[in-house]
Colleague: 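Below you will find the structure I want to go over with you.
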Amino acid sequence: LGFNSAEVEADEFVVVQGIVDLARIADEWVEILGFKTNRIRAGEARQAAAGYEPQIQLYAAALHAIYRRPVRSAALHFLATGETVPILGR
């Protein structure tokens, strides 16, 4: 997810740090929404979102492990255009 695991030694410990903008934790599932301030034009959100996919995948894996619930959906909302791009689910 975002790095080549072949480049990491087997005994090496990797730490990833991040902050989820919005996580909705329900009894049976989790939803994630990230807000992005990129200066993009209408129609560019999907392409811009592709670069954040590893970040969202890591957030989903972390929240799944912490809350022991499936991540039902994850999306990115681009403030410049008002577009929301689904990354996982829905």
Colleague: Is Leu22 reachable from Leu58 through a run of hydrophobic residues whose side-chain heavy atoms are each under 4.5 Å from the next?
Modeller: no
Colleague: Any link between Ile56 and Ile25 through a network of hydrophobic side chains (Ile, Leu, Val, Met, Phe, Trp, Tyr) touching at under 4.5 Å?
Modeller: yes
Colleague: Which pair of non-hydrogen atoms, one from Arg41 and one from Thr81, has the smallest distance, and what is that distance?
Modeller: C-CG2, 3.6 Å
Colleague: Are Val20 and Leu76 grouped together when hydrophobic residues (ILVMFWY) are joined by side-chain heavy atoms under 4.5 angstrom apart?
Modeller: yes
Colleague: Between Glu31 and Val71, does a side chain to side chain contact (heavy atoms under 4.5 Å, CB included) hold up when you go through it step by step?
Modeller: CA-CA 6 Å; Glu31 291 179 330; Val71 175; over 6 Å; no
Colleague: If I take atom NE2 from residue His64 and atom CD1 from residue Ile66, how far apart are they, to the nearest 0.5 angstrom?
Modeller: 11.5 Å
Colleague: With a 4.5 Å limit on heavy-atom distance, are the side chains of Leu63 and Ile32 in contact?
Modeller: yes
Colleague: Could you pull out the closest heavy-atom pair between Pro86 and Gly89, with the gap in Å?
Modeller: CB-O, 4.4 Å
Colleague: Is Glu44 close to Phe78 at the side-chain level, that is, under 4.5 Å between some pair of heavy atoms?
Modeller: no
Colleague: Report yes if some heavy atom in the side chain of Phe35 is under 4.5 Å from a heavy atom in the side chain of Thr84; otherwise report no.
Modeller: no
Colleague: Which pair of non-hydrogen atoms, one from Ala45 and one from Ile40, has the smallest distance, and what is that distance?
Modeller: CA-CD1, 3.6 Å
Colleague: Show the numbers, then the answer: is there a side chain to side chain contact (heavy atoms under 4.5 Å, CB included) between Leu88 and Gln57?
Modeller: CA-CA 8 Å; Leu88 299 172; Gln57 294 281 355; 3.5 Å; yes
Colleague: Do you know which two heavy atoms are closest between Val85 and Ala49, and how far apart they sit?
Modeller: CG1-CB, 3.8 Å
Colleague: Begin from the C-alpha positions of Leu79 and Lys36 and carry the test side chain to side chain contact (heavy atoms under 4.5 Å, CB included) through to its verdict.
Modeller: CA-CA 6 Å; Leu79 298 173; Lys36 296 299 176 191; over 6 Å; no
Colleague: So for atom CZ, which belongs to Arg46, do other residues, nucleotides or ligands contribute more than 12 heavy atoms lying within a distance under 6.0 Å?
Modeller: no
Colleague: Say whether Tyr59 and Asp21, considering side chains only, have a donor N or O and an acceptor N or O under 3.5 Å apart.
Modeller: no
Colleague: I want to check something: taking the side chain as every heavy atom from C-beta on, are Arg72 and Val30 in contact at a cut-off of under 4.5 Å?
Modeller: no
